[in-house]
Colleague: 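Attaching a single structure in structure tokens format; questions to follow.
Order of the sequence lines sets the chain letters (A, B, ...), proteins ahead of strands, with each chain counted from 1.
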2 protein chains.
Amino acid sequence: MTRSPLRTETVLREAVAYADESGGVPSMRKIAERLGVEAMSLYHHFRNKDLILDGMVDHVFAEIEPPPPATEWRAALGHHAASMRDVLVRHPWAIGLMDSRGRPGPATLRRHDGVLGLLRANGFPVAGAAHAVSALDSYVYGFVLQELSLPFATAGELDEVASGILDAVGEEYPHLAELIAHRNAHSPAVEFGAGLDLVLDGLERWRA
Amino acid sequence: MTRSPLRTETVLREAVAYADESGGVPSMRKIAERLGVEAMSLYHHFRNKDLILDGMVDHVFAEIEPPPPATEWRAALGHHAASMRDVLVRHPWAIGLMDSRGRPGPATLRRHDGVLGLLRANGFPVAGAAHAVSALDSYVYGFVLQELSLPFATAGELDEVASGILDAVGEEYPHLAELIAHRNAHSPAVEFGAGLDLVLDGLERWRA
DNA sequence: GGCTGGGCCTTACGGTGTAAGTTTGTCAAG
DNA sequence: CTTGACAAACTTACACCGTAAGGCCCAGCC
């Protein structure tokens, strides 16, 4: 029986798909099963699992819309950051992987380079562009990290959890209780936009 | 032989210590071994491992210096955020745990409540305080996440990694190369402070 | 035809979380 | 002092994990 050889791109695509569907990083056996292959065969294409995880993370970064190279920086960075949040929320397992892998892949480097290029073309000095990237990325990563750790997915669940906390410990945490009582339509997208505006406004200080 | 019964506090303290020393979340067997006990004994105090992880995360939050209740908000929040970064860097395994556990513990709730209280006492309306906490926490979490994923620890290693990247792919990522070439004494603490100032300045917009 | 080598498979080992059942230590009631 | 009860700790077992070591098969070449 003839086999079409595994290509590393295929392995990564299916591994990402499996992670998206199952909500977590798949085991070597699961990845192999999905490809109609045994687990150990994967080791002919990747020296160890970490390299697969590196590839998966880079695969996710490749989905992020890069900022258009030489446009007005504020709107371009805003769209780019929103796309980043979209992608990271679509692949919730990815952000948890980030802190354990040191070596960025080509898509990751390309994105970094693109953002730096946009800033440099808009009057940011080298050091200012570095500060700007650090601040913007920190905000996006941190926001998504918090968004993913929320103990609810739908608005209905939010109500349940909120009143649960309120009943249990309402008087011990008065300001938290106040916040929960005042809750209005609290969409993550709106909250993200508010903080993003704050950061983008602040970047101005580092321009030439 | 008489045994002193395990107390949940003891288990958590030792589990945190082990994680700090070994650089990663310990297995049930490792925690038990450290306590001079068998793995399964832990299940008499914690229904499953997730509850231990919840407790470990809360244990870390308890180390964060809370902001003094009714002082000038800007300096107080700044010190608090710096303490948060300190603690999260001292326990590098903690931030990776955050996105997988939904239920915050008492220390975590207390911290949230304290920050909200400080903001409310300084003229922030409920919604504004909520925005402020979200933005500040996002920045701190995201910064630490990036700080921990850097592929080097000392300045010497940085040089190695930097010239490595430069040689390998310098011309493919010109702006990244430029950044690396221009690198100066680039301490995470300074970078953190710069972005923190940006965020703190921006919070003003949400005061009454 | 035979040789070579890459792609895949088989087997095995030590680690993981935890379900289920068993032993041990302590103390109050008879 | 005995007996029973109860909780804490231990033992065993299972299904899963990443991966080291080695074997088999078949396409492409000589």
Colleague: Using atom NE2 of A/His45 as one end and atom C1' of D/dT19 as the other, report the distance to the nearest whole Å.
Modeller: 16 Å

Colleague: State whether A/Asp50 and A/Arg103 are salt-bridged, where the test is any N-O pair (Lys NZ or Arg NE/NH1/NH2 against Asp/Glu carboxylate O) under 4.0 Å.
Modeller: no

Colleague: Does the plane of the ring in A/Phe192 sit parallel, tilted or perpendicular to the ring in A/Phe143? Use 30° and 60° as the thresholds.
Modeller: perpendicular

Colleague: Check the pair B/Ile52 / B/Met28 against side chain to side chain contact (heavy atoms under 4.5 Å, CB included), numbers first and verdict last.
Modeller: CA-CA 9 Å; B/Ile52 295 191; B/Met28 296 298 274; 3.9 Å; yes

Colleague: Whole angstroms only, please: what is the CG-P distance between B/Leu35 and D/dA9?
Modeller: 10 Å

Colleague: Between C1' on C/dG15 and CD on B/Glu33, what's the gap in Å once rounded to a whole number?
Modeller: 13 Å

Colleague: If you measure from NE2 on B/His45 to OG1 on B/Thr8, what distance do you get to the nearest 0.5 Å?
Modeller: 8.5 Å

Colleague: How long is the line joining CZ of B/Phe46 and P of D/dA9, in whole Å?
Modeller: 12 Å

Colleague: With a 4.0 Å limit, can you tell me whether A/Ser41 has a side-chain N or O closer than that to the phosphate oxygens OP1/OP2 of C/dG7?
Modeller: no

Colleague: Can you check each nucleotide of nucleotides 17-23 of chain C against protein heavy atoms at under 4.0 Å and return B for base, S for sugar-phosphate only, - for none, in 5' to 3' order?
Modeller: BBBB---

Colleague: Would you say B/Gln146 and A/Ser138 are linked by a side-chain donor-acceptor pair, where the criterion is simply a distance under 3.5 Å?
Modeller: yes

Colleague: Whole-Å distance between C/dT16 P and B/Leu53 CG?
Modeller: 14 Å

Colleague: Please say whether the positively charged group of A/Arg34, taken as NZ for Lys or CZ for Arg, lies over the ring of A/Tyr18, i.e. under 6.0 angstrom from the six-membered ring centre and within 45 degrees of the axis.
Modeller: no

